[in-house]
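So the structure is just underneath, and the comments pick up after that.
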Amino acid sequence: MISFEQALAAVRQRAGPQPDVLLAADAALGHVLAEDCIATESLPGFDNAAMDGFALSAAHLALPPGTPIALHGVQAAGDARFTLGAAACRIMTGAVVPEGTATVVPVEDATVQTAADGSQTVVLTAPASAGMHIRRAGEDVPAGTAVLAAGTRLLPQHRMLLAALGISEVRVRAPVLAAVLCTGAELVDDHAALDDGQIRNSNGPYLRAALPAMGATVALYRRLPDSSTAYVEAVRAAEQAGCRIIVSTGAVSMGVHDFVPDALRALGAEVVFHKLQMRPGKPTLFAVLPSGALLFGLPGNPMSCAVGARFFVQAALRQMQGLPPERPLRAVLQAPVRKKPGWTLIQKAALAVSDDAQLQLRVLAGQESFRIQPFAQANAWAVLPESDTALEAGRVLACYPLQPALVEWPCVPVSA
């Protein structure tokens with residue numbers, strides 16, 4: 001058996017990066033940039049007004065305070081630029097500032113006076129200086145700037161930036177196709193009445209929901225009988241469908257029907273590891289097929305399946321998408337925990353933020369690998385180190401969100 005950390009390292013070592021593809025910006029949401037995204041134009045693209053008000057020239061600013069200034073014309077958002085003459089003009093937020101504009105005075109800082117002939121003047125009621133309330137071209141993004149770095153997962157806030165810069169296509173890591181294979185004659189996939197000894201398949205629906213959140217597209221799903229022949233055929237079908245990740249559940253322990261290791265040998269796969277110093281999930285298996293596809297043989301117990309997917313499949317997908325290894329959150333243990341030495345325990349936990357902004361971690365009751373209800377109440381996985389036997393309250397532990405976060409949280413040094 002190997003350790004939890006050794007297993008993670010082995011997965012990362014064998015998960016090569018996906019090729020890059022050019023996708024429309026909308027289609028690229030959720031995918032990871034394969035190269036820096038460079039702005040080909042400035043944002044804003046021109047000097048524009050930050051306030052509704054009046055565009056004044058330098059000559060207007062040189063007049064004594066309280067001097068009426070002739071007011072003529074309106075510059076609205078979308079209007080073409082013109083040159084400011086002897087008169088000031090009205091201007092709307094976002095409108096290009098006329099040539100010769102020195103400042104924009106807000107509406108609330110001026111008074112408009114209308115003469116009998118309909119002509120208007122504006123008198124400033126607050127001091128004004130050059131450059132006020134003008135958004136300069138390129139003030140947000142100068143042309144040529146790398147606005148998004150390679151390795152960024154594209155989210156809605158990034159889509160706003162790309163749209164503002166007129167970037168309609170981006171180069172991203174190709175989507176990873178995945179297959180989910182659930183073994184077990186006892187499994188029932190639908191709402192049909194259960195016969196004696198049958199159970200509902202919870203691992204399959206979980207994996208089909210969890211894998212897309214990790215960056216994979218489930219391209220093939222099958223529920224299989226306890227048959228090595230059926231398993232081999234399903235694995236080959238997954239490879240033919242272009243799946244680079246194959247996740248199977250069940251048939252990896254030591255029982256009569258635990259045929260996966262022999263099936264993989266028949267396929268010519270390299271079994272990288274089988275059995276870990278980790279609970280739940282001791283029988284977890286990881287293999288590389290001759291095609292290069294990565295196969296994860298996860299135990300059938302629900303929590304063993306969830307842990308294997310969350311940590312090992314996720315580690316492979318991050319590597320394939322060009323992302324660095326996931327960094328844990330660190331939280332303070334709220335109550336003491338006891339464990340046997342020699343095993344890394346991955347525990348269902350509740351993560352909360354205290355009033356003094358401290359992350360606090362509580363290990364939940366019901367850690368047995370068949371218990372699903374506590375999993376539904378959890379929001380984090382707590383990692384109890386292999387060497388420890390007694391973890392006291394106040395201990396700082398590594399923990400991970402139950403589902404992988406889309407946003408990479410930077411680590412801030414304690415001294416910052």
Checking the side chain of N201 only, and the main-chain atoms of N203 only, is there a donor and an acceptor separated by less than 3.5 Å?
yes

Over 12 foreign heavy atoms within 6.0 Å of CZ, R362
no

Would R222 and E233 count as a salt bridge (charged side-chain N to carboxylate O under 4.0 Å, His left out) here? Give the steps.
CA-CA 11 Å; R222 288 191 183 178; E233 189 275 330; 2.6 Å; yes

Taking atom types as modelled, is there a side-chain donor on S3 or Q277 under 3.5 Å from an acceptor on the other?
no

CD1 on I372 to OG on S202, rounded to 0.5 Å
4.0 Å

Donor-acceptor contact present, side-chain H60 to main-chain A86, <3.5 Å:
yes

Exceeds 12 heavy-atom contacts within 6.0 angstrom, atom NZ of K282
no

With salt bridge (charged side-chain N to carboxylate O under 4.0 Å, His left out) as the criterion, how do E368 and R371 come out once you've worked through the C-alpha distance, each side chain's angles and the decisive distance to 0.1 Å?
CA-CA 6 Å; E368 294 90 346; R371 289 185 180 270; 2.8 Å; yes

Sub-3.5 Å donor-acceptor pair from the side chain of T114 to the main-chain atoms of G118, do we have one?
no

Kindly check if the number of other-residue, nucleotide or ligand heavy atoms within 6.0 Å of CG (D355) is above 12?
no

Over all heavy atoms of both residues, which pair between K348 and F375 is shortest? Give the atoms and the distance, please.
CD-N, 3.7 Å

What are the two closest heavy atoms between L351 and C399, and how far apart are they?
CD1-SG, 3.9 Å

Write down the atom of P341, the atom of S387, and the distance for their closest heavy-atom approach.
CB-O, 4.4 Å

Electrostatic pair E386:K340 at N-O distance under 4.0 angstrom:
no

Consider only side-chain N and O atoms of T183 and Y231, and report whether a donor and an acceptor are under 3.5 Å apart.
no

N/O donor-acceptor pair under 3.5 Å between D52 side chain and T93 backbone:
yes

Can you tell me if D117 uses its side chain to pair, donor with acceptor, with the backbone of S119 under 3.5 Å?
yes

Which heavy atom of A349 sits nearest to which heavy atom of A378, and what is that distance?
O-CB, 3.3 Å

Hey, could you give me the CZ/CG distance between R223 and D189, rounded to the nearest 0.5 Å?
5.0 Å

Without swapping roles, check the side chain of Q347 against the backbone of A382 for a donor-acceptor pair under 3.5 Å.
no

Closest non-hydrogen atom pair between A39 and P142, with its separation
CB-O, 4.2 Å

Think R208 forms a cation-pi with Y221, using NZ or CZ under 6.0 Å from the six-ring centre and within 45 degrees of its axis?
yes

Would you sort out whether F4 and F312 count as a ring-ring contact (aromatic ring centres under 6.0 Å, His included), showing the intermediate values?
CA-CA 9 Å; F4 173 67; F312 301 114; 5.8 Å; yes

Looking at R159 and D26, is there a salt bridge between them, counting it only when a charged N and a carboxylate O are closer than 4.0 Å?
yes

Sole residue of I246, I245, V252 in side chain to side chain contact (heavy atoms under 4.5 Å, CB included) with F296
I245

When you compare the side chain of V288 with that of L295, does any pair of heavy atoms fall below 4.5 Å?
no

Run the side chain to side chain contact (heavy atoms under 4.5 Å, CB included) test on V332 and L361 for me, step by step, so that the C-alpha distance in whole Å, both residues' side-chain angles and the decisive distance to 0.1 Å come before the verdict.
CA-CA 6 Å; V332 177; L361 191 68; over 6 Å; no

Do you know which two heavy atoms are closest between P156 and L29, and how far apart they sit?
N-CD2, 4.1 Å

For R136, is there any backbone N or O sitting under 3.5 Å from a side-chain donor or acceptor partner on E139?
yes

The reported gap from CD1 in I69 to CG in L61 (rounded to nearest 0.5 angstrom) is 7.5 Å

How long is the straight-line distance from CD of E35 back to CG of L22, given to the nearest 0.5 Å?
8.5 Å

Could you check K339 against L391 for side chain to side chain contact (heavy atoms under 4.5 Å, CB included), going step by step and ending with a plain yes or no?
CA-CA 8 Å; K339 63 177 283 294; L391 295 93; 4.0 Å; yes

Without swapping roles, check the side chain of T103 against the backbone of S129 for a donor-acceptor pair under 3.5 Å.
yes

Any chance the side chains of Q321 and R153 put a donor and an acceptor closer than 3.5 Å?
yes

In plain terms, say whether E326 and R318 are close enough for a salt bridge, that is, a side-chain N and a carboxylate O under 4.0 Å apart.
no

Could you tell me whether R395 and E392 have a side-chain N and a carboxylate O separated by less than 4.0 Å?
no

Out of curiosity, D109 CG to M51 CE, how far, rounded to the nearest 0.5 Å?
7.5 Å

